[in-house]
Structure formats: structure tokens, C-alpha cells
Trainee: 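Please read through the structure below; I'll follow up with questions.
Each ligand, and each atom within it, is numbered from 1 in the order the structure gives. If you're wondering where the values come from, they're calculated on a predicted model, not measured in any experiment. Because only heavy atoms are used, hydrogens play no part in the values below, and waters and symmetry mates are left out as well, while side chains stay in.
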Amino acid sequence: MLEVVNVNKIYGKKDKAFNALSDITLSFEKGTSNAIVGKSGSGKSTLLHILIGLDHPTNGSVLYDGKNILKDMNTDSWRGKNVGIVFQQFFLQPNDSVIDNVGLPLKLQGIAKKKRNIKAAEALKKVGLEDRMKSKANDLSGGQKQRVAIARALVDNPSILIADEPTGNLDTENGDAIENLLFELQKKLGTTLVIVTHDTDLAKRCERVIYLKDGKVEKDTYKGKK
Ligand SMILES: Nc1ncnc2c1ncn2[C@@H]1O[C@H](COP(=O)(O)OP(=O)(O)OP(=O)(O)O)[C@@H](O)[C@H]1O
Ligand SMILES: [Mg+2]
């Protein structure tokens with residue numbers, strides 16, 4: 001389980017201080033799908049970054065299975081082992097092959113090429129792109145690039161999959177295909193899914209929807225297992 005407890009985030013100092021998050025306490029149960037919605041500037045990305053230790057809260061703590069991710073462990077290696085991340089911008093290495101892009105998180109962990117390629121090929125199979133392994137990332141369509149980004153996020157079987165506007169740069173058809181894929185993988189692999197989105201239809205497909213307003217939880221609705 002992943003938890004944020006009494007988290008505040010204040011950007012800037014003194015008269016410039018801005019409360020981006022105020023006293024947020026939330027827990028994300030293993031294997032559930034969660035959407036975080038709210039207007040632009042409501043604090044969604046800030047919360048997501050804090051949740052996976054990419055940013056520090058001003059106060060409060062973030063716990064993974066009861067352990068503080070910033071104090072009790074090496075945050076980067078925890079994230080590397082447990083978290084897959086998909087952003088609106090795909091952040092692929094444009095001139096590298098698809099398989100090298102997917103294997104990159106493993107390379108950063110010092111895993112040898114042969115083993116990386118086996119795992120990357122498995123992940124590409126899950127997103128239906130095994131036939132494009134050798135293509136240059138830049139030669140793929142937007143929807144295919146996002147599938148590569150998802151394969152890269154899943155390559156080391158993370159327990160948590162984080163997505164910030166994963167369909168934001170895609171047309172409806174490709175966006176729907178990516179959504180279906182995210183939920184299919186979440187169900188099949190038992191991954192905890194946390195998605196930030198403006199898209200109300202996407203949010204409604206999650207078991208739980210958390211509404212943020214001005215850095216506070218305005219509403220938290222749980223529909224139960226789908
Ligand atoms: N580094 C920063 N310094 C100062 N203020 C910041 C910083 N990062 C974010 N903010 C402010 O904190 C608030 C929350 O930002 P955040 O990026 O979390 O919003 P968001 O809900 O993700 O919005 P969007 O839907 O536009 O992505 C905003 O008012 C933003 O201007
Ligand atoms: Mg954002």
C-alpha cells in the first residue's frame with residue numbers, strides 16, 4: 001500500500017509562498033485503479049510527483065508498505081524497482097530502437113543487454129508491438145510511441161503504475177486503445193494504477209476518483225472493484 005500522510009507542499013517563500021497541497025492524506029490499496037482529477041493548477045502533478053518521491057513534501061510523509069520512501073530507504077532505487085511512469089509527453093530516445101527504449105530502465109540498473117532484451121521483448125508483446133522492436137522510436141505513430149512508453153514503464157513488473165495525462169497527446173481512437181491497455185494490464189498484472197487526467201470518461205473507468213481543488217481533496221469516491 002502507498003500512502004501520503006498529512007502532506008503539505010508550499011512553493012516559494014514568505015510573501016511569494018503558495019500552498020500547492022494542503023494536508024493531504026490518502027492511501028492507495030494494492031491492485032486498485034485510482035484517478036486524480038481537478039482543474040489545471042489544482043495540484044495533481046505535484047501530488048503525483050510527491051507520491052513517487054520525485055519531489056519532497058514541505059511536511060508530511062509518504063509511506064510504502066509502512067516505510068517512509070524518503071527516510072527509510074533509497075528513494076531512487078525504490079522507485080526504480082516498484083514504480084512505472086507514463087507521461088503525456090512520451091519521453092522516448094528518438095534515435096534509439098524501440099527495444100533499447102523499453103530496456104533503458106534495466107540498463108540504468110546495470111542489467112546486461114541479453115537479459116534486458118528478453119524482458120523488453122516480453123513487455124513489447126504485452127502492448128502489441130513486438131513486430132516493431134527494431135524500429136527507430138521516432139518512426140512510430142503517437143499511439144505506438146505511448147505504447148512503447150507503457151512497455152518501458154512495465155518492463156520490470158512494477159507494483160505501481162503512475163500516469164500523468166497518458167492520453168493527452170493522442171486522438172480519441174488511440175487514446176481509447178491506450179486506456180483499454182492500461183486497465184487490461186492493471187487487471188492482469190495486479191498493478192496499482194494512479195492516473196492523473198482531465199478526461200472524465202477515463203476517470204470514470206477507475207474504481208476510485210479523487211477530486212482535487214486548490215490543493216485539497218474536495219471529494220473521494222470509491223465504486224469498488226470493476
Ligand atoms: N516549481 C514551482 N514553483 C512554484 N509554483 C509551482 C511550481 N510547480 C507548480 N506550482 C504551482 O502549484 C500549483 C499546482 O501545480 P500542478 O502542476 O500540480 O497542477 P496540475 O493540477 O497538475 O495542473 P495541470 O492540469 O495544468 O497539469 C499551480 O498553481 C502551479 O502554478
Ligand atoms: Mg499537471
Trainee: Would Leu182 and Val37 show up in the same hydrophobic cluster when neighbours are defined by side-chain heavy atoms closer than 4.5 Å?
Mentor: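 No; tracing contacts between hydrophobic side chains, which count when under 4.5 Å, never links both residues.
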Trainee: Distance below 4.0 Å between atom 4 (C) of ligand 1 and any protein heavy atom?
Mentor: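 Yes, because at least one protein heavy atom sits under 4.0 Å from atom 4 (C) of ligand 1.
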Trainee: Is the closest heavy-atom distance from Gly12 to ligand 1 below 4.0 Å?
Mentor: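 It does not, in that no heavy atom of Gly12 comes within the 4.0 Å cut-off of ligand 1.
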Trainee: Of Thr192, Asp156, Ile52, Ile69, which is the lone residue that meets side chain to side chain contact (heavy atoms under 4.5 Å, CB included) with Val83?
Mentor: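 By the side chain to side chain contact (heavy atoms under 4.5 Å, CB included) criterion, Val83 pairs with just one of Thr192, Asp156, Ile52, Ile69: Ile52.
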Trainee: May I ask you to test the Arg79-Leu54 pair for a side-chain heavy-atom distance under 4.5 Å?
Mentor: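 Contact flag for Arg79/Leu54 side chains = yes.
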Trainee: Measuring to protein heavy atoms, does anything land under 4.0 Å from atom 16 (P) of ligand 1?
Mentor: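 Yes; the ligand atom in question has protein heavy-atom contact below 4.0 Å.
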Trainee: Please report the shortest heavy-atom distance between Leu140 and Ser135, naming the atom on each side.
Mentor: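 Heavy-atom minimum between the residues: CD2-CB, 4.2 Å.
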Trainee: Look at atom 14 (C) of ligand 1 and say which protein heavy atom is nearest, naming residue and atom and giving the distance to 0.1 Å.
Mentor: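 Residue, atom and distance for the closest contact: Gly41 O, 3.4 Å.
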Trainee: Any heavy-atom pair between the side chains of Asn6 and Asp23 that's under 4.5 Å?
Mentor: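 Counting from C-beta outward, Asp23 and Asn6 do come under 4.5 Å.
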Trainee: For atom 1 (N) of ligand 1, what's the nearest protein heavy atom and its distance?
Mentor: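 Among all protein heavy atoms, the one nearest atom 1 (N) of ligand 1 is Tyr11 CE2, 3.7 Å.
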Trainee: For atom 27 (O) of ligand 1, grab the closest protein heavy atom and report residue, atom and distance to one decimal in Å.
Mentor: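 For atom 27 (O) of ligand 1, the nearest protein heavy atom comes out as Ser45 OG, 4.0 Å.
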Trainee: Any idea which part of His198 is under 4.0 Å from ligand 1, heavy-atom wise: side chain, backbone, both or neither?
Mentor: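 It is the side chain that gets close, since no backbone atom is under 4.0 Å.
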Trainee: Which of these, Ser42, Gly38, Ser40, Ala20, has its nearest heavy atom closest to atom 26 (O) of ligand 1?
Mentor: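 When every heavy atom of Ser42, Gly38, Ser40, Ala20 is considered, Ser40 comes closest to atom 26 (O) of ligand 1.
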Trainee: Got the closest protein heavy atom to atom 25 (O) of ligand 1, with its distance?
Mentor: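 Of the protein heavy atoms, Lys44 NZ, 2.7 Å lies nearest.
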Trainee: Compute the minimum heavy-atom distance from Lys39 to ligand 1 and say whether it is under 4.0 Å.
Mentor: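 Yes, Lys39 has heavy atoms under 4.0 Å from ligand 1.
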Trainee: Closer than 2.8 Å to the Mg ion (ligand 2), do we get an N, O or S atom from Thr46, backbone or side chain?
Mentor: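 Of the N, O and S atoms in Thr46, none lies under 2.8 Å from the Mg ion (ligand 2), which means no.
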Trainee: Heavy atoms only: give me the nearest Gln186-Thr191 pair and the separation to one decimal.
Mentor: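 Nearest heavy atoms, Gln186 then Thr191: CG-O, 3.1 Å.
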Trainee: Nearest 0.5 Å, what's the CG-CG distance between Asn101 and Leu92?
Mentor: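 Separation between the atoms: 5.0 Å.
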Trainee: What I'd like to find out is whether the side chain of Lys213 reaches to under 4.5 Å of the side chain of Ser42, using heavy atoms alone.
Mentor: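 No, their side chains stay 4.5 Å or more apart.
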Trainee: Find out if a path of hydrophobic residues (ILVMFWY) with successive side-chain heavy-atom gaps under 4.5 Å connects Leu193 to Ile160.
Mentor: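 In one cluster with Leu193: Ile160, no.
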Trainee: Can you tell me which residue and heavy atom of the protein come closest to atom 30 (C) of ligand 1, and the distance to 0.1 Å?
Mentor: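 Nearest protein contact, heavy atoms only, for atom 30 (C) of ligand 1 is Phe18 CE2, 4.7 Å.
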Trainee: Which ligand 1 atoms, with their elements, are less than 4.0 angstrom from a heavy-atom of Thr46?
Mentor: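 Reading through ligand 1 atom by atom, the close ones are 14 (C), 15 (O), 16 (P), 18 (O).
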